[in-house]
Asks: 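Got a structure here, written out as structure tokens. Questions coming.
Heavy atoms only: backbone and side chains are in, while hydrogens, waters and symmetry mates are out. Whatever order the structure lists them in is the order used to number ligands and atoms, beginning at 1.
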Amino acid sequence: MKMTDKININPLLPIFINPLKVKYLIIGGGKAGTEKLFFLLKNSPDANITIVSLEVSLKIYELSNKHSNVKIQNKKFDRSDLIDKDIVIIATNHSDLNREIRLEAKQMRLLVNVVDKPLLSDFYFGSVVTKGNLKVGISTNGKSPTFSKRFREILESILPDEVESVLDNLNKLRNSLKSDFTVKVRELNKITSNLIIDNERI
Ligand SMILES: C[C@@]1(CC(=O)O)c2cc3[nH]c(cc4nc(cc5[nH]c(cc(n2)[C@H]1CCC(=O)O)[C@@](C)(CC(=O)O)[C@@H]5CCC(=O)O)C(CC(=O)O)=C4CCC(=O)O)c(CCC(=O)O)c3CC(=O)O
Ligand SMILES: NC(=O)C1=CN([C@@H]2O[C@H](COP(=O)(O)OP(=O)(O)OC[C@H]3O[C@@H](n4cnc5c(N)ncnc54)[C@H](O)[C@@H]3O)[C@@H](O)[C@H]2O)C=CC1
């Protein structure tokens, strides 16, 4: 049997989004909307984010005061709010409205996350470990967000701060290797092979 013949029980594709290239819209600024805003800003403090909500939490006002890239529109959702957006997080407390907004957003080919309906979402959030330039995204394919959280904590506790300087040094080396691509790959693989063997240090 070929690799591609196997039933793929976990087809999710992790990607890392460049915050300077996309525009986010959060609809619903209650508990769930606030959590998503907090998560977005923790990872991408400069992300372009608009929040449309009838009521807006105090925390969202505080965050928008600190981030000029966060805009609040204290009003009822309207289809035109979707114009010129790329990624939409739908977090009102009305399940039917969330479905309706999702359909409108899909008609406009936007990527959506519906906070109360994983099955209707185009993408999911995960736990994130960040050590300098290293970023690890964790998903359990929706099986157990609590496992994601605990696994994040484990990784955070075992990854040493030196990871940052290891990456800096490897980057300097990478830039200094002016040879052709194959030589460069061989050289970098040789130098990093002890990171795997000596895995007690990393
Ligand atoms: C599909 C997804 C949402 C999406 O992204 O679309 C989703 C869905 C749901 N979560 C639920 C519950 C909980 N979620 C958490 C925590 C987190 N949930 C996160 C992501 C995701 N959760 C996506 C899949 C991620 C994956 O695949 O692993 C994290 C990683 C990131 C984030 O969202 O911030 C963040 C940890 C951050 C961190 O600390 O690292 C906790 C634990 C806690 O808060 O302590 C609980 C309670 C305990 C439990 O249930 O485990 C429920 C039931 C709601 C209900 O019962 O009412 C649903 C709905 C359903 O399953 O239907
Ligand atoms: N509270 C949580 O941590 C989580 C909640 N959820 C789900 O997310 C949904 C939202 O939950 P909460 O954030 O707790 O609710 P909430 O009641 O705290 O917030 C809902 C927000 O939506 C706004 N809203 C409602 N109708 C609107 C409209 N027509 N236009 C613009 N804004 C509108 C409200 O003003 C309010 O700010 C629920 O379905 C809940 O089951 C899912 C995961 C976690």
Side-chain angles (χ1 to χ4, degrees), residues 8-17 19 22-45 47 49-65 70-108 110-131 134-159:
N8 191 346
I9 59 154
N10 191 351
L12 298 177
L13 175 76
I15 56 170
F16 295 87
I17 293 170
V22 296
K23 291 182 182 162
Y24 291 97
L25 175 68
I26 300 177
I27 305 155
K31 285 196 250 23
T34 306
E35 271 176 26
K36 296 304 178 205
L37 177 65
F38 194 77
F39 180 84
L40 286 179
L41 289 173
K42 193 173 161 201
N43 283 284
S44 309
I49 308 169
T50 304
I51 296 119
V52 173
S53 191
L54 283 169
E55 279 171 74
V56 179
S57 75
L58 196 63
K59 184 79 196 160
I60 290 185
Y61 279 113
E62 281 169 19
L63 288 167
S64 87
N65 282 337
V70 174
K71 302 266 179 285
I72 299 173
Q73 291 187 5
N74 198 175
K75 65 171 200 67
K76 193 174 168 187
F77 167 78
D78 182 271
R79 193 188 170 98
S80 65
D81 297 325
L82 298 167
I83 294 170
D84 195 30
K85 301 294 184 298
D86 301 294
I87 297 179
V88 186
I89 297 157
I90 306 171
T92 84
N93 50 337
H94 303 295
S95 206
D96 290 347
L97 175 65
N98 288 350
R99 263 175 200 277
E100 224 172 275
I101 299 174
R102 182 218 167 235
L103 278 178
E104 290 176 350
K106 291 301 290 174
Q107 278 165 12
M108 292 168 74
L110 306 181
L111 281 180
V112 304
N113 178 272
V114 190
V115 292
D116 61 334
K117 293 274 181 306
L119 289 176
L120 294 183
S121 297
D122 295 331
F123 67 94
Y124 306 110
F125 292 88
S127 290
V128 176
V129 182
T130 310
K131 284 268 169 170
L134 178 72
K135 187 159 282 203
V136 184
I138 304 163
S139 155
T140 62
N141 209 0
K143 292 287 180 201
S144 172
T146 298
F147 181 91
S148 292
K149 182 178 79 172
R150 292 299 180 212
F151 192 58
R152 165 179 64 76
E153 289 168 352
I154 292 169
L155 289 184
E156 280 172 346
S157 69
I158 61 170
L159 276 169

Asks: Please report which non-hydrogen protein atom sits nearest to atom 25 (C) of ligand 2, along with the residue it belongs to and the distance in Å to one decimal place.
Replies: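 Of every protein heavy atom, Asn93 OD1, 3.1 Å lies nearest to atom 25 (C) of ligand 2.
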
Asks: Going by a strict under-4.0 Å cutoff (protein heavy atoms only), does atom 26 (C) of ligand 1 have a neighbour on the protein?
Replies: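 At least one protein heavy atom is under 4.0 Å away.
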
Asks: In the protein, which heavy atom is nearest to atom 3 (O) of ligand 2, and how far is it?
Replies: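 In this structure, atom 3 (O) of ligand 2 has Glu35 OE2, 3.3 Å as its nearest protein heavy atom.
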
Asks: With backbone taken as N, CA, C and O and side chain as the heavy atoms from C-beta onward, which portion of Leu97 lies under 4.0 Å from ligand 2: side chain, backbone, both, or neither?
Replies: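 The answer is the side chain of Leu97.
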
Asks: Quick one: closest heavy-atom pair of Ser139 and Leu12, and the distance?
Replies: OG-CD1, 3.7 Å

Asks: Under 4.0 Å from a heavy atom of Asn113: which atoms of ligand 1 are those, numbered in the order shown and with their elements?
Replies: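 Taking each heavy atom of Asn113 in turn, ligand 1 has 4 (C), 5 (O), 6 (O) under 4.0 Å.
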
Asks: List the closest protein heavy-atom neighbour of atom 1 (N) of ligand 2: residue, atom name, distance to the nearest 0.1 Å.
Replies: Lys31 CB, 3.6 Å

Asks: Enter the distance from Ile101:CD1 to Arg79:CZ here, rounded to the nearest 0.5 Å.
Replies: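 If I round to the nearest 0.5 Å, the distance is 11.5 Å.
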
Asks: Looking only at protein heavy atoms, identify the closest one to atom 8 (O) of ligand 2 and say how far it is in Å.
Replies: Val115 CG2, 3.1 Å

Asks: Closer than 4.0 Å to some heavy atom of Pro118 - which atoms of ligand 1 meet that?
Replies: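 Within the 4.0 Å cut-off of Pro118, ligand 1 contributes 60 (C), 62 (O).
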
Asks: Does Glu35 come within less than 4.0 angstrom of ligand 1, counting non-hydrogen atoms of the residue?
Replies: no

Asks: What's the shortest distance from atom 10 (C) of ligand 2 to any protein heavy atom, and which residue and atom give it?
Replies: Thr92 O, 3.4 Å

Asks: Pull out every atom of ligand 2 sitting under 4.0 Å from any heavy atom of Glu55, numbered as shown with elements.
Replies: 35 (O), 37 (O)

Asks: Is there a polar contact between ligand 1 and Ile138, counting only N or O atoms under 3.5 Å apart?
Replies: no

Asks: Under 4.0 Å from atom 3 (C) of ligand 1, is there at least one protein heavy atom?
Replies: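 For atom 3 (C) of ligand 1 the answer is no, since every protein heavy atom stays at 4.0 Å or beyond.
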
Asks: Determine if the distance from atom 56 (O) of ligand 1 to the closest protein heavy atom is below 4.0 Å.
Replies: no

Asks: Leu54 versus ligand 2: do any nitrogen or oxygen atoms come within less than 3.5 Å of each other?
Replies: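 N/O-N/O distance under 3.5 Å: yes.
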
Asks: Which residue and atom name correspond to the protein heavy atom nearest atom 5 (C) of ligand 2, and how close is it?
Replies: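 Ranked first by proximity to atom 5 (C) of ligand 2 is Ala32 CB, 3.8 Å.
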
Asks: What atoms of ligand 1 come within less than 4.0 Å of a heavy atom belonging to Asn141?
Replies: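 Listed by number with element: 27 (O).
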
Asks: Are Val22 and Leu111 side-chain neighbours, meaning at least one heavy-atom pair lies under 4.5 Å?
Replies: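 Sidechains of Leu111 and Val22: no contact.
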
Asks: Using a strict cut-off of less than 4.0 Å between a Lys/Arg side-chain nitrogen and an Asp/Glu carboxylate oxygen, indicate whether Lys149 and Glu153 qualify as a salt bridge.
Replies: no

Asks: Does ligand 2 have an atom under 4.0 Å from some heavy atom of Ser95?
Replies: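 Per 4.0 Å heavy-atom rule, Ser95 does not contact ligand 2.
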
Asks: Nearest 0.5 angstrom please: Ile89 CD1 to Leu37 CG, how far?
Replies: 8.5 Å

Asks: Does some non-hydrogen atom of Lys36 fall short of 4.0 Å from ligand 1?
Replies: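 Yes, Lys36 has heavy atoms under 4.0 Å from ligand 1.
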
Asks: Report the nearest protein non-hydrogen atom to atom 40 (C) of ligand 2: residue, atom name, distance rounded to 0.1 Å.
Replies: Asp116 CB, 4.4 Å

Asks: Ala91 heavy atoms, cut-off 4.0 Å: which ligand 2 atoms fall inside?
Replies: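 By the 4.0 Å cutoff, the relevant atoms are 10 (C), 20 (C), 22 (O).
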
Asks: Side chains of Ser95 and Asp116: is there a donor and an acceptor less than 3.5 Å apart?
Replies: yes

Asks: Side chains of Thr50 and Lys23, heavy atoms from C-beta outward: is any pair under 4.5 Å?
Replies: no

Asks: With atoms numbered from 1 as shown, which atoms in ligand 2 lie under 4.0 angstrom from a non-hydrogen atom of Lys75?
Replies: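 Listed by number with element: 31 (C).
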
Asks: Of all heavy-atom pairs between Val128 and Lys135, which one has the smallest distance, and what is that distance?
Replies: CG1-CG, 3.8 Å

Asks: Protein heavy-atom contact under 4.0 Å for atom 35 (C) of ligand 1?
Replies: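 No, there is none.
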
Asks: For the residue pair Asn8 and Pro11, what are the closest heavy atoms and their distance?
Replies: OD1-N, 3.6 Å

Asks: Atoms of ligand 2 less than 4.0 Å from Gly28 heavy atoms?
Replies: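 Here the atoms of ligand 2 in question are 21 (C), 22 (O), 23 (C).
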
Asks: Does Thr140 reach ligand 1 with a nitrogen or oxygen that is under 3.5 Å from one of the ligand's nitrogen or oxygen atoms?
Replies: yes

Asks: When rounded to the nearest 0.5 angstrom, what is the spacing between CD1 in Ile27 and CG in Asp78?
Replies: 10.5 Å

Asks: Scan the protein's non-hydrogen atoms and note whether one is under 4.0 Å from atom 53 (C) of ligand 1.
Replies: no

Asks: Above 12 or not: heavy atoms from other molecules or residues under 6.0 Å from CZ of Phe38?
Replies: no

Asks: Would Lys76 count as being in polar contact with ligand 2, using the rule that some N or O on each side must be under 3.5 angstrom apart?
Replies: no

Asks: How far apart are the closest heavy atoms of Val112 and Leu120, and which atoms are they?
Replies: CG2-O, 3.9 Å

Asks: Within ligand 1, which atoms have a heavy atom of Phe125 less than 4.0 Å away?
Replies: 4 (C), 5 (O), 20 (C), 23 (C), 24 (C), 25 (C), 33 (O)

Asks: Would you say the side-chain atoms of Ser64 pair up with the backbone N or O of Lys71, donor to acceptor, closer than 3.5 Å?
Replies: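 Pair absent, no side-chain N/O of Ser64 close to backbone of Lys71.
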
Asks: For atom 7 (C) of ligand 1, which candidate among Ser127, Gly137, Pro145, Ser139 provides the closest heavy atom?
Replies: Pro145

Asks: Does the protein come close to atom 18 (N) of ligand 1 - that is, does one of its heavy atoms sit below 4.0 Å from that atom?
Replies: yes

Asks: Is Phe151 atom CZ crowded by more than 12 heavy atoms from other residues, nucleotides or ligands, each under 6.0 Å away?
Replies: no

Asks: Where is the nearest protein heavy atom to atom 30 (N) of ligand 2: which residue, which atom, and how far?
Replies: Phe77 N, 2.8 Å

Asks: A side-chain contact here means heavy atoms from C-beta on lying under 4.5 Å apart; do Thr92 and Leu54 qualify?
Replies: no

Asks: Taking only heavy atoms of His94 into account, list the atoms of ligand 2 that are under 4.0 Å away from them.
Replies: 25 (C), 26 (N)

Asks: List every atom of ligand 1 that sits less than 4.0 Å from any heavy atom of Gly142, numbering the atoms from 1 in the order shown and giving each element.
Replies: 26 (C), 27 (O)

Asks: If you look at every heavy atom in Leu110 and Lys85, which pair is closest and at what distance?
Replies: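 In terms of heavy atoms, the two residues are closest at CD2-O, 2.9 Å.
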
Asks: Which residue and atom name correspond to the protein heavy atom nearest atom 39 (O) of ligand 1, and how close is it?
Replies: Arg152 NH2, 2.8 Å

Asks: Determine, stepwise, if the pair Lys36 / Asn113 fulfils side chain to side chain donor-acceptor pair (under 3.5 Å).
Replies: CA-CA 10 Å; Lys36 296 304 178 205; Asn113 178 272; 5.2 Å; no

Asks: Looking only at heavy atoms, what is the nearest atom pair of Ser57 and Thr34, with distance?
Replies: OG-OG1, 2.9 Å

Asks: If you count the non-hydrogen atoms of other residues, nucleotides and ligands that lie under 6.0 Å from CZ in Arg99, is the total more than 12?
Replies: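 Not more than 12 within 6.0 Å, no.
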
Asks: Considering heavy atoms of the protein only, find what lies nearest to atom 44 (O) of ligand 1 and give residue, atom and distance to 0.1 Å.
Replies: Lys149 NZ, 4.7 Å

Asks: Which of the numbered atoms in ligand 1 are below 4.0 angstrom from a heavy atom of Ser148?
Replies: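 Checking each atom against Ser148, I get 26 (C), 28 (O).
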
Asks: Counting heavy atoms only, which of Val128, Thr146, Leu119 is nearest atom 49 (C) of ligand 1?
Replies: Thr146

